[in-house]
2 protein chains.
Amino acid sequence: MNNQMDNNSTPKITVLLVDDHPMVQNGLKACLAYYDDIEIIDAINDGSEALKAAMELKPDVILMDVSMPNLNGIDATEILSEQLPNTKVLIFSMHDSPEFVSSAVQAGASGYVLKDTSSEEVYYAITAVAKGNTHFSGSIAKMLIENPIQPEKNKLTTREQVILSYIAQGFSSKEVAQKLSISFRTVEAHRRNIKSKLRLESFADLVRYAINHGLVEEA
Amino acid sequence: MNNQMDNNSTPKITVLLVDDHPMVQNGLKACLAYYDDIEIIDAINDGSEALKAAMELKPDVILMDVSMPNLNGIDATEILSEQLPNTKVLIFSMHDSPEFVSSAVQAGASGYVLKDTSSEEVYYAITAVAKGNTHFSGSIAKMLIENPIQPEKNKLTTREQVILSYIAQGFSSKEVAQKLSISFRTVEAHRRNIKSKLRLESFADLVRYAINHGLVEEA
DNA sequence: AAATGCCTAGGTATATATACCTAGGCAAAT
DNA sequence: ATTTGCCTAGGTATATATACCTAGGCATTT
């Protein structure tokens, strides 16, 4: 830890933490407190609250979790990258699936670090994205190379999100069709498109995706 | 931090952290470092590894997460409460569903705190269970009163948990049958029993239950 | 005007899951 | 020794999901 910093010359990098687990927040605060060229200006535990805080505080970097109440980190990133182009988003997630990473990059994230990375790497990643660079954890970078991003491919339409939500809640295609007053063949077509877009294989994958993306409550 | 402790007079409460999120571990370490009557002797991120460590270190208290690779916290607690009766298990989870809490208590946990509780309460809970008392977060205690434990009702057998885990991962009954070298009719029978026991209706309910109970990773 | 993307929906066939039923082997508990 | 619970598994039937195919209406974009 290098606490020997010249506070007057270089302005600190302002960081907004967004994570719905208090203990993760505490861990990050504790780990990053040693570095005096970055300053955590606030910690939020909710996606939509994070948007408000970001608009007001205009931080240099947002360290953003993915799974959160109200608004997931990917969608929040997409909004932020339009509204606040000078604020860099660094995704901080425990998920390392290709869809997640691709979505994050397309949404405008400047980096992606896993929750099992060291605090030194998180610090390094924050400084990197603050400078306008990118930083991806080793396994993520490898994945981006092996699994190149296909732009706009894995993004669900509103209709698809609605249908996926019902499906993940346990309704059959027939039931969803009744609710939406459309043919169950149409619902099936949407199911196919959803699985194809997201490269998901099974019903269980659909449910897990829906949970991870906040389309359905976990309980 | 006030590490000014008289090491000779009062022995420290030895604590083993078990949580698969490094940042949660970091957060706990940072928060608990201020209290010099407890000492974190190790931090493990895997259920079965936690068992080994506990057998060797014989800590006073284990702060145990529920969802973990290889062996979930509830099952680990059950084994530990038999093997190491002097080691108290304090569940540290973000899940507050009645089934979770009931399972934890029946497995022999001495307390249950949610991940959004303050570090002071976590500290207090550790000292409480170390003394042989119990400690439950307010909402958990309330739930235990409103939702009294129904012994042995909603408990899956080991076999059922294994099968549910595979199913929630997206394997079909046929695939599970191949993996376990049993008939797919048997797998189907287990599916029926699981849904009946847990009063679940749909495939999606099974997946959500598995996720909420740590039988399968979310991603 | 033409193209694109989205929502819609049907034909046909197969795969998988579910709902009933019955039932034997086996270990632990009583 | 009997009971109990668990794991096993088959018969039969239906319901649902999936995998191929095609295709029209409609709004937005180019």
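Naming: A, B, ... by sequence-line order, numbering from 1 per chain.
Taking atom CG of B:Leu206 as the reference point, atom C1' of C:dA17 lies 11 Å away to the nearest angstrom. Summarising the geometry, the separation between CZ on B:Phe184 and P on D:dA9 is reported as 11 Å, rounded to the nearest angstrom. Rounded to an integer number of Å, the gap from B:Asp205 CG to C:dT18 C1' is 14 Å. Atom CZ of B:Phe203 is separated from atom C1' of D:dT18 by 13 Å (rounded to the nearest Å). As a whole-Å value, the separation of A:Arg191 CZ from C:dA15 C1' is 14 Å. Atom CD of B:Glu201 and atom P of C:dT18 are 12 Å apart (whole Å). Between the CG atom of B:Leu180 and the P atom of D:dT8 there is a distance of 8 Å, given to the nearest Å.
The side chain of A:Arg192 sits closest to C:dG10 out of C:dG10, D:dC7, C:dA17. For B:Arg185, taking side-chain heavy atoms from C-beta onward, the closest of the listed nucleotides C:dA17, D:dA9, D:dT18 is D:dA9. Looking at the side chain of B:Ser183, the nearest of the listed nucleotides C:dT16, D:dG10, D:dA19 is D:dG10. Looking at the side chain of B:Glu188, the nearest of the listed nucleotides D:dA17, C:dG10, C:dT18 is C:dT18.
One finds a side-chain N or O of B:Arg159 lying less than 4.0 angstrom from the OP1 or OP2 phosphate oxygen of D:dT8. One finds a side-chain N or O of B:Lys174 lying less than 4.0 angstrom from the OP1 or OP2 phosphate oxygen of C:dT16.
Across all strands, B:Thr186 comes closer than 4.0 Å to base atoms (heavy-atom distances).
Salt-bridge annotation for B:Arg191 and B:Glu188: absent, with no side-chain N of the basic residue lying under 4.0 Å from a carboxylate O of the acidic one. Under 4.0 Å is where a charged nitrogen must lie from a carboxylate oxygen, and between A:Lys115 and A:Asp19 at least one such pair does.
A side-chain contact (heavy atoms from CB on, under 4.5 Å) with B:Ile140 is found for exactly one of B:Thr117, B:Ile91, B:Leu114, namely B:Leu114. Screening A:Asp42, A:Asp60, A:Thr87 against A:Thr14 for a side chain to side chain donor-acceptor pair (under 3.5 Å) leaves a single residue, A:Asp60.
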